[in-house]
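Accompanying notes for the structure given below.
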Number of protein chains: 2
Amino acid sequence: MSRKPADPILEERAQQLLKALVQRYIREGQPTGSRTLTRESGLNLSPATVRNIMADLEDAGYLRSPHTSAGRVPTDRGYRFFVDSLLTVNPLREREIEQLRIHFDRGRNPEVLIDSASNLLSWLTQLAGVVTIPRRHMGSVRQLGFLPLSERRVLAILVVNEREVQNRVLHTDRDYSGTELEHISNYLNAEFVGKDIEQIRAALLDAMNNDRKEMTELMSVAIEVARRLFTRPEDEDDDYVMAGETNLMTFAELSNIEKLKQLFEAFNQKREIIHLLDRCLTADGVQIFIGQESGYEVFDGLSLVTSRYQTDDEVLGVLGVIGPTRIPYDRIIPIVDVTAKLLGHALNPQH
Amino acid sequence: MSRKPADPILEERAQQLLKALVQRYIREGQPTGSRTLTRESGLNLSPATVRNIMADLEDAGYLRSPHTSAGRVPTDRGYRFFVDSLLTVNPLREREIEQLRIHFDRGRNPEVLIDSASNLLSWLTQLAGVVTIPRRHMGSVRQLGFLPLSERRVLAILVVNEREVQNRVLHTDRDYSGTELEHISNYLNAEFVGKDIEQIRAALLDAMNNDRKEMTELMSVAIEVARRLFTRPEDEDDDYVMAGETNLMTFAELSNIEKLKQLFEAFNQKREIIHLLDRCLTADGVQIFIGQESGYEVFDGLSLVTSRYQTDDEVLGVLGVIGPTRIPYDRIIPIVDVTAKLLGHALNPQH
DNA sequence: ATTGGCACTCTCTAAGCTAGAGTGCTAACG
DNA sequence: CGTTAGCACTCTAGCTTAGAGAGTGCCAAT
């Protein structure tokens with residue numbers, strides 16, 4: 001077996017050492033030297049040999065030394081390899097899952113459930129928990145209603161899935177009387193109640209492209225109103241709920257106040273975080289961003305462990321946990337996984 | 001003029017020195033010694049004399065020395081005296097107020113205005129801005145509506161003051177059909193639209209105490225529903241909007257991470273902050289809490305400058321600024337004052 | 001009452017030193 | 001030829017020392 005220093009495929013021994021080092025660093029938070037690692041790894045090697053291998057791992061970018069005589073710590077790449085190839089997660093026991101399930105009473109409305117999930121994540125992990133607020137594409141419309149507010153402003157009320165109520169103020173091009181609105185609402189209710197939002201969008205598109213000859217005045221007005229109601233306004237950005245941000249303050253990695261400030265400003269700004277979370281929507285299962293992998297500078301030294309949550313029919317959003325790169329992934333991953341499943345299940349529309 | 005060391009009434013000279021010291025400390029953030037103060041105060045005294053007076057001020061609790069040879073800094077009490085008796089505020093010029101007014105377009109809805117106010121406060125002062133969300137006692141009801149959601153759950157919609165829409169899910173003791181709800185809503189609309197919430201509450205109380213003989217079944221059901229709609233649910237706590245918390249991170253006073261964490265947790269918890277802000281509802285004009293005066297430990301080293309904001313008819317809430325005790329009160333006070341007035345004005349119901 | 005003088009106290013900074021930890025290299029070993 | 005012991009070297013963290021600077025409190029003189 002010839003050794004190839006720059007080869008991405010690591011020797012068995014090197015992997016074992018990397019694993020031991022990452023595990024120890026996650027536990028202790030301090031650089032590890034060759035002597036300690038020899039003891040820790042279980043391998044029957046001398047410190048000198050371990051030193052050679054560690055030097056190789058450093059060359060390959062998996063480790064680095066804070067300074068000459070401080071032992072070594074994992075790089076982002078080191079964590080990545082650890083997470084991808086060396087990590088064994090213990091799934092939660094049924095009993096523990098049962099404990100969590102208590103917090104997701106299907107009767108509650110979505111906002112409360114999402115809050116719960118976020119708090120739960122932060123509480124279980126002692127890190128920052130984050131849950132995106134779902135923007136539904138599906139969901140069955142139960143009722144539509146309109147109330148005139150003042151000249152040219154109409155309040156539209158949309159009830160989806162029994163528990164979700166959406167208000168939107170529509171600015172109209174002309175006044176609509178109460179009876180007129182009632183007609184419109186009757187028409188739209190007759191047409192759309194019981195259908196999915198997605199279906200409705202399609203139907204609307206269809207109606208608008210169709211020959212308008214066969215429409216009554218009422219219909220075409222109603223369809224125009226509905227179109228505006230079902231178009232997500234551009235300024236309404238996605239949003240998320242976060243809990244336990246302050247947990248991050250205790251980590252030595254963030255003792256730098258300036259860095260901490262930037263992070264919290266990013267949390268408030270929401271833009272970058274949303275964008276990052278959105279990227280997790282595409283893939284199933286637990287996803288992990290380590291350090292600068294995400295491309296955002298504020299995430300230097302931080303990891304994000306996420307999972308989508310979804311009903312039987314539809315992907316709703318993303319939830320996860322933000323903490324320093326030095327977190328016990330084996331414990332965090334199943335927590336995020338299970339929380340996502342429980343939340344998704346609790347948000348399933350009821351029969 | 002005999003000197004009485006423990007007398008709360010300070011000599012003219014002592015006051016002048018205290019003023020100079022506080023001003024300098026607010027500007028520089030560093031303890032001031034007798035020599036510097038002699039120069040700064042404009043008084044024609046020797047450092048030795050100033051030292052004597054400073055010792056008196058320390059005995060009286062207005063100043064303290066961080067350590068033997070570090071000069072002196074104001075205590076909370078020192079700030080208090082400064083703010084109450086020594087401070088001269090320069091009201092904003094009309095031009096500056098005009099600049100601020102731009103941010104309070106009366107057309108916008110309350111949430112947006114409150115957000116603006118909070119951001120504006122934080123931006124102008126480079127501190128944390130906070131605005132409580134008004135819970136109206138008054139406000140004219142424009143429309144009531146009901147939608148059945150599922151068995152025993154009814155969505156009530158209440159439109160107040162053109163722009164404010166409140167949803168509430170009422171859990172009822174039995175099912176109500178759509179027509180039944182329509183009747184109830186018709187009755188309540190006829191009865192209440194155009195009236196103040198306060199008036200309605202009174203009317204409801206009256207109706208319930210009255211002899212029920214003369215009521216139809218419909219009326220008494222409607223009144224019961226209305227009662228529940230107009231009773232603020234207990235779990236719905238007061239709330240506030242905060243902006244620029246992260247500004248506080250830059251202050252040396254909060255370089256202690258543990259303290260910072262506690263503060264941010266208090267912000268998230270909201271309970272203590274709300275309670276403190278509520279206390280400001282009682283008095284008119286700008287109010288100031290300095291350091292531990294508020295009674296909350298997290299406010300050690302911090303000041304709160306607040307003012308109520310109100311429409312012509314009604315006190316709506318409180319807004320203000322949180323920062324270290326060492327803030328330029330002369331600048332902050334008029335900013336808070338004017339912002340409160342502008343916000344109150346913008347929230348006035350439109351004829 | 002005010003002031004100059006003075007001894008004293010305390011902090012802050014820099015410099016120097018040591019112990020400890022860990023490395024990389026080399027030469028010897030099996 | 002991979003592995004290992006030995007060793008010189010490097011770097012940090014913590015401790016001590018020393019001096020400068022700032023400011024005080026007190027006392028005696030004005």
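Below, chains carry the letters A, B, ... as their sequence lines are ordered, and counting in each starts from 1. The structure presented is a predicted model; accordingly, all values stated were derived computationally and were not measured. Any value given below was found using the heavy atoms of this structure, including those in side chains, with hydrogens, waters and symmetry copies removed.
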Under 4.0 Å between a side-chain N/O of [X] and OP1 or OP2 of [N], yes or no?
X: B:Arg72; N: D:dG25; answer: yes
X: B:Arg13; N: C:dT2; answer: yes
X: B:Ser65; N: D:dG23; answer: no
X: A:Thr49; N: D:dT4; answer: yes
X: B:Ser46; N: C:dT3; answer: yes

Mind calculating the distance between [atom1] ([X]) and [atom2] ([N]) to the nearest angstrom?
X: B:Glu12; N: C:dA1; atom1: CD; atom2: P; result: 18 Å
X: B:Asn52; N: C:dG5; atom1: CG; atom2: P; result: 16 Å
X: A:Asp56; N: C:dG24; atom1: CG; atom2: C1'; result: 13 Å
X: A:Ile53; N: D:dG2; atom1: CD1; atom2: P; result: 12 Å
X: A:Leu45; N: D:dG2; atom1: CG; atom2: P; result: 14 Å
X: A:Gln30; N: C:dG22; atom1: CD; atom2: P; result: 10 Å
X: A:Leu57; N: C:dG24; atom1: CG; atom2: P; result: 12 Å
X: A:Arg64; N: C:dG22; atom1: CZ; atom2: C1'; result: 16 Å

Looking at [X] and [Y], does any basic side-chain N land under 4.0 Å from a carboxylate oxygen?
X: A:Glu293; Y: A:Arg77; value: no
X: A:Arg80; Y: A:Asp76; value: no
X: B:Lys261; Y: B:Glu258; value: no

- For the rings on B:Tyr79 and B:Tyr62, is their centre-to-centre separation under 6.0 Å? no
- Looking only at C:dC10, C:dG5, C:dG24, the nucleotide nearest the B:Arg51 side chain is C:dG5
- Query: Between C:dT23, D:dT4, D:dG23, which one does the side chain of B:Ser69 approach most closely?
  - Reply: D:dG23
- Query: Contact class for A:Thr68 vs. all strands (heavy atom < 4.0 Å): base, sugar-phosphate, or nothing?
  - Reply: sugar-phosphate
- Between B:Ala70 and B:Val50, which is nearer to the 5' end of DNA chain C once each is assigned its nearest nucleotide? B:Val50
- Within 45° cone of B:Tyr240 ring axis and under 6.0 Å: B:Lys270 NZ or CZ: yes
